[in-house]
Amino acid sequence: MKLDLHRINADLHAHSTVSDGTMTPRALVERAHAQGVELFALTDHDEVAGLHEAALAAAELGLDFVPGVEISVTWSGQTVHIVGIGIDAGNAALIEGLAHVRSGRMRRAQAMADALAAAGHPGALEGALAYAGNVDLVSRTHFARWLVETGACDDVREVFTKYLVAGKPGYVPHQWAELRQAVAWIAGAGGVAIVAHPGRYKFGDDELRALLAEFRDAGGLAVEVSTSNHTAQQTRKFAKLAREFELEASRGSDFHSPNESQVELGRVQALPDALVPVWRRFV
Ligand code: AMP
Ligand code: MN
Ligand code: MN
Ligand code: MN
């Protein structure tokens with residue numbers, strides 16, 4: 001492992017077929033290795049079932065691997081994602097908590113399908129489920145892939161803009177985990193909690209600060225500063241906030257698919273200087 005912590009090619013956020021990625025855990029690990037990633041975390045949504053296969057594949061390749069998860073949370077009326085890395089995937093409270101978070105997905109999917117049918121797109125549930133490697137994790141991404149297949153939109157990004165976000169016809173609000181609960185599950189499983197892609201949330205600055213304060217107060221330790229959906233300006237903004245809140249900083253591509261992700265595994269911008277890389281704990 002290289003001594004310069006900042007220069008290590010750490011990619012601590014990615015998805016496999018266990019949630020809404022298109023590559024199996026093994027294929028994803030092989031791709032990360034081939035792309036030059038030196039420290040890799042698999043962080044499927046609300047599920048740890050891919051970690052064993054990923055860890056085995058990483059061990060075979062000599063790639064340093066960190067077990068992870070990305071938990072769906074509802075905070076102040078919005079969905080916020082909390083990544084946990086370095087977790088013990090066998091921790092009973094974490095496993096039980098994640099099962100509870102997953103449990104509402106099929107009901108939401110049915111409601112989304114009903115809403116899409118009313119908007120002129122019948123058959124969406126069957127369509128989405130055909131894309132879901134794991135039906136318990138049926139996600140908006142699977143609906144988006146099906147709507148691209150039917151020709152309703154040109155790509156997944158367009159489907160989200162036109163159908164699957166608040167105010168659009170296929171959007172169904174949902175209650176995920178509590179912020180404090182998600183952080184407690186991660187910490188209780190020996191992991192480090194990280195606010196994922198903070199630039200994605202539609203919070204004003206005061207609410208954003210309140211989120212980071214509550215997160216840190218709950219035992220959260222880091223914020224994802226370098227992520228594929230941050231502009232350079234957002235990266236600077238969250239670097240500043242990380243320092244202000246004395247949070248460590250993470251870097252992750254949030255890779256889902258070679259066909260959909262704009263940023264390749266390991267290619268997201270480096271962490272700005274003067275931040276504490278959260279991966280110091282794992283090297
Ligand atoms: P869900 O957990 O079912 O609500 O789906 C959330 C997932 O949808 C995220 O993890 C992303 O993979 C994807 N997603 C959310 N917003 C967008 C967007 N604007 N463009 C493309 N994918 C998105
Ligand atoms: Mn996703
Ligand atoms: Mn996310
Ligand atoms: Mn993600």
Side-chain angles (χ1 to χ4, degrees), residues 10-25 28 32 37 40-51 54 66-75 78-85 87 98 101-102 105 108-109 112 128 131-148 155-157 159-161 164-166 171 174 176-177 179 182-183 186 191 193-203 211 215 220 222-230 234 238 250-268 278:
D11 191 336
L12 302 178
H13 187 157
H15 298 273
S16 76
T17 45
V18 164
S19 61
D20 60 349
T22 62
M23 301 182 76
T24 63
L28 188 71
V37 173
F40 182 64
L42 173 64
T43 57
D44 276 308
H45 297 287
D46 307 322
E47 175 60 282
V48 294
L51 296 176
V66 187
V69 66
E70 181 176 18
I71 305 183
S72 311
V73 159
T74 301
W75 189 85
Q78 282 193 48
T79 298
V80 167
H81 285 171
I82 303 296
V83 161
I85 58 171
I87 50 165
L98 294 178
V101 178
R102 287 194 300 274
R105 277 192 181 265
R108 179 187 67 149
M112 284 176 66
Y131 282 93
N134 172 2
V135 297
D136 282 352
L137 250 302
V138 60
S139 136
R140 283 186 291 161
T141 313
H142 301 122
F143 282 89
R145 289 182 185 136
W146 175 74
L147 281 161
V148 172
D155 58 37
V156 161
R157 199 159 285 272
V159 182
F160 273 87
T161 310
L164 301 182
V165 294
Y171 181 74
H174 193 74
W176 303 106
L179 175 66
V183 173
I186 292 165
I194 305 167
V195 176
H197 43 62
R200 182 182 286 181
Y201 314 129
K202 309 264 178 279
F203 293 131
L211 169 68
F215 169 75
V223 56
E224 213 170 59
V225 171
S226 295
T227 164
S228 56
N229 53 43
H230 276 177
Q234 285 174 321
F238 290 104
S250 191
R251 173 178 187 258
S253 60
D254 202 2
F255 186 86
H256 283 71
S257 165
N259 303 320
E260 294 164 14
S261 295
Q262 315 229 321
V263 175
E264 182 53 73
L265 288 163
R267 302 293 168 85
V268 64
V278 69

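For ligands, and for the atoms within them, numbers begin at 1 and follow the listed sequence.
Neighbours of the Mn ion (ligand 3) restricted to protein N, O or S atoms under 2.8 Å: the count is 3.
Checked by atom type, the side-chain pair S228/D254 shows no donor-acceptor distance below 3.5 Å. Side chains of E224 and H230: a donor-acceptor N/O pair is absent below 3.5 angstrom, by distance only.
Contacts of H256 classified as side chain to side chain donor-acceptor pair (under 3.5 Å), with partners at least two apart in sequence or in another chain: D20. Scored by the salt bridge (charged side-chain N to carboxylate O under 4.0 Å, His left out) test, R140 finds no partners at all (sequence neighbours excluded). For S16, the side chain to side chain donor-acceptor pair (under 3.5 Å) test picks out D44, with sequence neighbours left out.
Taking both residues in full, the closest heavy atoms of H142 and S19 are given as NE2-O, 3.3 Å, listed atom of the first, atom of the second, then distance.
With the Mn ion (ligand 2) as the vertex, atom NE2 of H256 and atom OD2 of D20 span an angle of 100° (nearest 10 degrees).
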